[in-house]
Structure formats: C-alpha cells, structure tokens
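I have placed the structure first, in the form of structure tokens, so that the comments after it can refer back to it.
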Amino acid sequence: MNVQKEGLGERDMAFTPTQRLHLGAEAEVWKGEWFGKPAVRKQRRPRSWRHPNLDHRLGVRRMISEARLLIRTRKAGLSVPSVWDLDYEGGQLIIEHLQGQPLIDVLNDATTTQEKAKATLQRIGHAVRRLHREATTHGDLSSNNILIDGEHVHLIDFGLASIEYDVERFGIDLHVLDEILGASHPQWEGAIDWVIEGYLAAEEELGPAPALQGGSVPSAKEVHTRLEDIRTRVRYHG
Ligand SMILES: Nc1ncnc2c1ncn2[C@@H]1O[C@H](COP(=O)(O)OP(=O)(O)O)[C@@H](O)[C@H]1O
Ligand SMILES: [Mg+2]
C-alpha cells in the first residue's frame, strides 16, 4: 500500500496503535497513544458498494460532523472525548481515550445491584438531557456508546449526532435507548423509567433550557410526552 497516496501523512505517526477496539462497517477503531496520552483513532473504512467519490464525500462529511459536534458539546461542558486531530482526507479522527465500562457490560454484570443500575441509568438520563439542551441529538444511544466511569457518564460515538430543534428528533433519540434497554437488557425492567427520571431531574436542576442561536429546544417534559407518543405509535403500527 502506498501510504502517501492513502493520505496518511507524517502526523499519522504521532499515533501508536496498541489494541483494536472495534471493526465496524463504517470505521476501524484502535486504542493507542497520541503524544504519550491514551487515545482512540477512528479510521474510516471505504465501502466498496458505493461509488468511490461519493463514498469519500459522505465519509468526509460524517467525520467532520462527528468532530464538530464533539468539540461543540465538550465546550458546553459535557463529558465527551476531546478531539485531538482530524485528517479528513485520510479519513481519520484522533480523540481522547476515556476510562469506563460500556453500559452494556454494567447491565449484563451479575454483580450489578439494583441501586447501582438505578443510579447509573438516572445519571445517563441527566447526561442525555444536558446533550439535548445543547440542541444536539446523539443518533445512536446504544449501550455500547455510553461509558460508565464510577459516578461519571461519558457519551461517545458522535458519528450520527446532529443539531436539532424538532421535538420528534429528541423523542426518537430516547426511543433508541428505550428499545435497546427493552431488547438487550430485559432483566432491568423499568430501566427507561430511571433514565426518564434523570432526564426530567436535569431540567429541574438546571432550569428551562436557554434559547440558542438556532431557536429553542423542546423542554424535557415535551420530549418525554413525545417519547410516550412514539411508543404508542410503534406498539400499534409496528
Ligand atoms: N473515546 C473513547 N474512549 C474509550 N473507548 C472508546 C472511545 N471511542 C470509542 N471507544 C470504544 O470503541 C468502540 C467503537 O467506537 P465508536 O466510536 O462507537 O465507533 P463505531 O461508529 O464503529 O460504533 C466503542 O464502542 C468503545 O468501546
Ligand atoms: Mg459505536
């Protein structure tokens, strides 16, 4: 492989890979070090079934969007990885590696107590509401994309995140998590209710979401009501 042609320039060497974390359809994700600090490299993978130029454009756009929204939400004080480098022509993003156990492991761990599960899911609801207050939906709130580090909740994988103001988009964001909790973690019945408790509590604590440049985001209560609507719709129309 001709490294230069692939767009992997000299600064790629600043990242030393140590362990492959994930090989997905869109990206290959490695843990490693970047200037001596624990880092993660997301390398976009070409998808052969699409036209190479179109594929490249879509991949570049998504990677820039991911970096942009990570920077935006981190600035707003959310616990998301710092962005350290972006080589969008080469299709790679270098971000801070965050400690923690994926939510999926916490919920599947037989030693996890009810109190711990409840407190964790409430904190997740709180974190998701803080994200939504920044007019940002995550787009893929699965139990792999939430890291639990003691009492801290980190949100990762902003590849499908977007800026939104429409209540439906926020409702769908919660519904994705709702479906995953129901399907993959049925032993925690009512898990989504704990998430919603935290989601509503965040608003109580922080006050109404301030209006942003692009408009105002729906309130936590409005999003909750919409989630109930979406659930009813799904139940009756599959
Ligand atoms: N910043 C990070 N800190 C720690 N682990 C991470 C980080 N980013 C990704 N990972 C790990 O790598 C996996 C895949 O990364 P992710 O960004 O979710 O890519 P994909 O879009 O392929 O799902 C995650 O589920 C997580 O286990
Ligand atoms: Mg992911």
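Start at 1 and go down the list; that is how both ligands and their atoms are numbered.
Ring geometry for W84 versus W34: interplanar angle under 30°, hence parallel rather than tilted (30 to 60°).
By the 6.0 Å contact criterion, CD on Q187 is enclosed, its count of non-hydrogen atoms from other residues, nucleotides or ligands being greater than 12.
No side-chain donor-acceptor contact under 3.5 Å links H97 and E33.
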Quick one: do D87 and R44 satisfy salt bridge (charged side-chain N to carboxylate O under 4.0 Å, His left out)? Show the steps, please.
-> CA-CA 10 Å; D87 172 9; R44 194 178 63 78; over 6 Å; no
Would K42 and E26 count as a salt bridge (charged side-chain N to carboxylate O under 4.0 Å, His left out) if you check the C-alpha gap in whole Å, the side-chain angles of each, and the deciding distance to 0.1 Å?
-> CA-CA 9 Å; K42 280 184 94 163; E26 299 280 337; over 6 Å; no
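Protein residues are said to neighbour a ligand when one of their heavy atoms lies under 4.0 Å from it; for ligand 1 these are L21, H22, V29, V40, K42, P81, I95, E96, H97, L98, N144, N145, L147, I156, D157.
The OG1 atom of T137 sits 4.5 Å away from atom CD of E164, with the distance rounded to the nearest 0.5 Å. The CG atom of N145 sits 9.0 Å away from the CG atom of L155 when rounded to the nearest 0.5 Å.
Near the Mg ion (ligand 2), less than 2.8 Å away, sit the protein N, O or S atoms N145 OD1, D157 OD2.
Every pair passing side chain to side chain donor-acceptor pair (under 3.5 Å) that includes a residue from residues 110-121 is listed here, sequence neighbours excluded: D109-T111.
Applying the salt bridge (Lys or Arg N to Asp or Glu O under 4.0 Å) test to R61 and every residue at least two apart in sequence or in another chain returns nothing.
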